[in-house]
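Data block below; observations after.
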Amino acid sequence: RVGGRPRYLPTGNRHAGECAEQATKGMNDAGGKAVNFSTITVSDGISMGTKGMRYSLVSRDVIADSIETTVAAEGFDGLVAIGGCDKNMPGCMLAIARLNRPAVFVYGGTILPGLLPHDKKESDPMDIVSVFEAVGKHAKGELTDEELKEVEKYASPGAGSCGGMYTANTMASAIEALGMSLPGSSAQTAVGEAKRKDCEMAGAAVLKLLEKNIKPRDIMTRKAFENAITTCLALGGSTNMILHLLAIAYSAEVDLSIDDFAEIGARIPLLADVKPFGKYSMNHLIRIGGIRPMMKMLLDRGLLHGDCLTVTGETVAESLKGVQAYGRFPDEQDIIYPWDNPIKSSTHLRILRGNLAPGAAVGKITGKEGEYFKGTAKVYEGEESALVGILRGDVVAGDVVVIRNEGHVGGPGMREMLPPTRAVEKRGGKSDKFEEDLRSMAIGWVLFFDETNRRNNTVSHCKGQCIHSFRNLRK
């Protein structure tokens, strides 16, 4: 069992010890013998904007290795893996795929929204990104020092992952749609009876998987990955979904490529009005039923493979029987748009290639940013220098911000770079920007690597030159 007593860890994982205790109870009450152990984790919210962020993506594999080592070395029959943040969640899934022993993943749950003291009507719920936005507004002179401090103080009120459809909530949705967590696990707040019950039931569920000899690779098939991709695209999931699902599929020995996301996305509309590009947080989605009504809608339209197995021992179709549809739009809810009136008619995650990205690039295009952008390149040699330049006012409307040396090799570690991208937006102007949390035209995860001759390409020639964004992004 993963998830010891990390009581002093940051927000996303501080309650993991309590979750582990509930899972232990469920396993022991069902006749098993639980043994708890912990692994490391990184809080992106703390390391963001520092050189420490270079360790974040690497930590995913450290986590996977540590779980695999402990379970295999001690000869455990199965495991419940508890994760509540960007990298420990896919790290758990990598280990589960490698070990191929009966396992259930438990999502630690999402954080409740933060509210400023004067917001009595709860009209402006905040999350971690609100802090980065506030920094940009402060630099522009729109917030005082005291107002910035208020946002920092109240944005993240307790345990749980970042509240929007960022990496953690996206991966939780993907893992449930994949069949590796119990129904509803992805759409629960970190605090509350529902999450405690989820943990307890997971402990008992592993024993049932042992009895039935159902292993993770029986569940994590090619069809199951297609179900995960389909669900998350409709929900407006993060670009990081591509990064992590490819790695998990590789560990499960499932053939999956970056082009599969484009092929599936061509037939999946964007339906969820969720942060970072939209209005609502995961907490709001929970109130109207979570992701299961979305899965039922997709199943009914023939877009999910209903015969895929899940950790309940049931198929996807069996587990979705009786799931009620979302309320009528927009009278009863305005989070999930109707199929015939989507936010965007096809996927918001675009797989792009060009002279600057021979390997591929991922663009996050929701349809609100326009179809075409042309601008002059402002090139920075790293995140820190980019943030200094942006806050100084160097970047103006019509510029394209290019941040070099931040890839998996050049960084290393592929830092996510929320501070500079949010600072660009909140200072004004429209730019092509890199990372998963965006509301303007985004081209990120750019692979400059030429796999044919193993040559690391460069974009240094961009400086001062005109860059055209990729055309037809809304197709």
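Residue numbers run from 1 in the order of the sequence given.
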Exercise for review: Take Glu211 and Lys208 through the salt bridge (Lys or Arg N to Asp or Glu O under 4.0 Å) test and state the conclusion after the steps.
Suggested key: CA-CA 5 Å; Glu211 292 171 4; Lys208 292 183 180 179; over 6 Å; no
**Study point:** Step-by-step salt bridge (Lys or Arg N to Asp or Glu O under 4.0 Å) determination, Asp259 to Arg353
**Key:** CA-CA 11 Å; Asp259 293 315; Arg353 287 183 173 86; 3.0 Å; yes
Point to revise | Worked verdict on Ser123 versus Asp119 for side-chain hydrogen bond (donor to acceptor under 3.5 Å, both in side chains) | key: CA-CA 7 Å; Ser123 59; Asp119 188 9; 3.0 Å; yes
Check your understanding: Under the salt bridge (Lys or Arg N to Asp or Glu O under 4.0 Å) criterion, do Asp65 and Arg60 qualify, and how do the steps go?
Key -> CA-CA 9 Å; Asp65 292 346; Arg60 181 192 71 181; over 6 Å; no
Point to revise | Intermediate values then yes/no, side-chain hydrogen bond (donor to acceptor under 3.5 Å, both in side chains), Thr50 and Arg54 | key: CA-CA 8 Å; Thr50 74; Arg54 291 173 177 161; over 6 Å; no
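With a 4.5 Å cut-off on side-chain heavy atoms, His348 and Ile365 do not count as touching. You'll find the side chain of Leu245 reaches within 4.5 Å of the side chain of Met171, heavy atoms only. Looking at heavy atoms from C-beta onward, Thr315 lies out of side-chain contact with Thr310 at the 4.5 angstrom threshold. A 4.5 Å side-chain heavy-atom check between Arg101 and Asp77 finds every atom pair outside the cut-off. You'll find the side chain of Met294 reaches within 4.5 Å of the side chain of Tyr326, heavy atoms only. Two residues are said to be in side-chain contact when any heavy atoms from C-beta on lie closer than 4.5 Å; Asp273 and Tyr337 meet this criterion. No side-chain heavy atom of Phe261 sits less than 4.5 Å from a side-chain heavy atom of Leu349.
Applying the side-chain hydrogen bond (donor to acceptor under 3.5 Å, both in side chains) test to residues at least two apart or on different chains, none of the pairs has a partner in residues 228-237.
Between the side chains of Asp86 and Asn240, no donor-acceptor pair is found at a separation under 3.5 Å. With 3.5 Å as the limit, one finds a donor-acceptor pair spanning the side chains of Thr24 and Asn36. Counted by atom type alone, Asp198 and Tyr107 present zero donor-acceptor pairs between their side chains at under 3.5 Å. Of the N and O atoms on the side chains of Arg217 and Thr221, not one donor lies less than 3.5 Å from an acceptor on the other residue. Looking at Tyr166 and Ser161, their side chains never bring a donor and an acceptor atom within 3.5 Å of each other.
For the residue pair Ala224 and Cys308, the shortest heavy atom distance occurs at N-SG, 3.6 Å. Between Pro216 and Pro102, the closest heavy-atom pair is CD-N, 4.0 Å.
Residues passing the salt bridge (charged side-chain N to carboxylate O under 4.0 Å, His left out) test with Lys87 are Asp44, Glu416, sequence neighbours excluded. With sequence neighbours left out, Lys212 forms a side-chain contact (heavy atoms from CB on, under 4.5 Å) with Ile214.
Classification of Lys223 and Glu226 as a salt-bridged pair fails, no side-chain N sitting under 4.0 Å from a carboxylate O. Salt bridge status for Glu18 with Arg196: absent, with no side-chain N to carboxylate O gap under 4.0 Å. The residues Arg328 and Asp331 are annotated as salt-bridged, a charged nitrogen and a carboxylate oxygen being separated by less than 4.0 angstrom.
In this structure, Phe76 and Phe37 have parallel ring planes: the angle between them is below the 30° cut-off, well short of the 60° mark.
With hydrogens and angles disregarded, a donor-acceptor distance shorter than 3.5 Å links the side chain of Thr70 to the backbone of Ser66.
Distance check, rounded to the nearest 0.5 Å: NZ of Lys344 to CZ of Phe277 gives 10.5 Å.
Within 6.0 Å of the CD atom in Glu332, the count of heavy atoms belonging to other residues, nucleotides or ligands exceeds 12.
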